[in-house]
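Shown next, in structure tokens, is the structure this report addresses.
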Amino acid sequence: MAHTLLSSPLQGFTDFRFRNAFNQYFGGIDTFYAPYIKLNGKLKIKQSYQNDLLPENNATIEVIPQVMTNDPDEFLFVIKYVQSLGYKELNWNLGCPYPMVTKSGMGSGLICNPSRIDEVLHRAHNETDILVSMKMRMGYEHTEEILDAFPILDKYPLKNIAIHARIGKQLYKGPVDLDAFEKCISSTKHKLYYNGDITSVSAFKAMKKRFPSIDHFMIGRGLIADPFLPSMIKNDTTDYPENRWETFSKFHDTIYQQYDEYLSGPTPIKMKMLGFWEFFSQSTSNPQKVYKAIKKASNPTKYRQAVDKILSTEMSIKNSRK
């Protein structure tokens, strides 16, 4: 069975600058999900969200917008906005695990409220013609929450439900619950996508073997930690390309330059890239040392020197293994 790979959105990371550079240098992702739009009680789309979804900023990739809300009016407002840009689908985030979101009854904190889910979906399907898809966890407190929500979800013609196989309370800690995900497959009529801990080709193969009926897989943190992963999965190989670190260097320089132009001053770009290196470092030969070197770089010049040293070290290690 052919498989489709999707990029799971990470707030603060996978905006259009990252998506376009990723697609240019690595490829392997069929569809990208944009980080969620959150309105905070005002029916107004922030400029950063607008920039992220502009068709001209996503001309070479397929992107699906996402919304984070528990309010039907907000949901409809965002539907009208994304449709005005030409999008046919809106993904609803019931997966975010962070307490500041879940305490407001949003993200994975909404899964335990089927009546509110029903209210939002009812209005979306009765008042608009948008295609709705879902991004969910198994629940916030326990894995039965999603099972209680399925009868409501089954009332509507959803495109799919992408499930991260953890509960919200876990955040990203502890193992994924594959038994609970398996239970989901037989508990809904909807097409399910699998998400969670696809961090290597072997991890992907293990998921594929465990769930032969699933043909759509979402990759989130693993895609940032190892940008070559999706193309390696697609090519069924565990071998990195010969020019691995040269390609990564070009990708890094592209996003650095674009974020540096967008953000004002050395501190914001330092914090932005430090966030990325928390993931990037995981694919290096010494993650702790690499991250520490980036953290210590106190200005753009020292940052550049640190990156150059990291990449030359990785290239020399690769050459010594030949």
Arg166/Asp197 ion pair, N-O < 4.0 Å: yes
Heavy atoms from other residues, nucleotides or ligands near NZ of Lys189 exceed 12 (cutoff 6.0 Å): yes
ring-ring contact (aromatic ring centres under 6.0 Å, His included) against Tyr156, all qualifying residues, sequence neighbours excluded: His125
Residue pairs passing the salt bridge (charged side-chain N to carboxylate O under 4.0 Å, His left out) test where at least one lies in residues 150-161, sequence neighbours excluded: Glu89-Lys159, Asp118-Lys155
Flag side-chain contact, heavy atom, 4.5 Å: Ile224 against Phe22: no
Closest contact, heavy atoms only, Ser283 versus Arg244: O-NH2, 3.2 Å
Salt bridge (charged side-chain N to carboxylate O under 4.0 Å, His left out) contacts touching residues 71-83 (sequence neighbours left out): Asp73-Arg123
side-chain hydrogen bond (donor to acceptor under 3.5 Å, both in side chains) contacts touching residues 263-281 (sequence neighbours left out): Trp277-Tyr303
Among Lys208, Lys191, His3, the one residue meeting side-chain hydrogen bond (donor to acceptor under 3.5 Å, both in side chains) with Asp215: Lys191
Counterpart residues, side-chain contact (heavy atoms from CB on, under 4.5 Å), relative to Ser115 (two or more places apart): Asn113
Linked hydrophobic residues, Met218 as query - side chain contacts closer than 4.5 Å: Leu6, Tyr33, Ile64, Tyr193
Under-4.0 Å salt bridge between Lys183 and Asp177: no
Aromatic Phe279 / basic Arg221 pairing, under 6.0 angstrom, 45° off normal: no
Phe248 vs Tyr25, ring-ring contact (aromatic ring centres under 6.0 Å, His included): CA-CA, chis, key distance, verdict: CA-CA 8 Å; Phe248 177 83; Tyr25 291 106; 9.9 Å; no
Any pair counted as salt bridge (charged side-chain N to carboxylate O under 4.0 Å, His left out), so long as it reaches residues 32-53, sequence neighbours left out: Arg19-Asp52
Positive for ring-ring contact (aromatic ring centres under 6.0 Å, His included) with Phe18, one of Phe26, Phe276, Phe32, Phe13: Phe276
Qualifying residues under ring-ring contact (aromatic ring centres under 6.0 Å, His included), relative to Phe77, sequence neighbours excluded: none
Under the side-chain hydrogen bond (donor to acceptor under 3.5 Å, both in side chains) test, residues paired with Glu62 that sit two or more places apart: none
By side-chain hydrogen bond (donor to acceptor under 3.5 Å, both in side chains) - contacts of Gln257 (at least two apart): Glu261
With Asp260 via side-chain contact (heavy atoms from CB on, under 4.5 Å) - residues at least two apart: Tyr256, Ile269
Pair Asp179 + Arg210: basic N to acidic O under 4.0 Å: yes
Tyr49 versus Asp15, side-chain donor and acceptor atoms under 3.5 Å: no
Smallest separation among heavy atoms of Ile198 and Ala203, with atom names: CA-CB, 4.5 Å
Hydrophobic cluster of Phe16, others only, ordered by chain and residue number, side-chain cut-off 4.5 Å: none
Tyr87 side chain near Ile130 side chain, heavy-atom distance below 4.5 Å: no
Smallest separation among heavy atoms of Ala34 and Pro65, with atom names: CB-CA, 4.2 Å
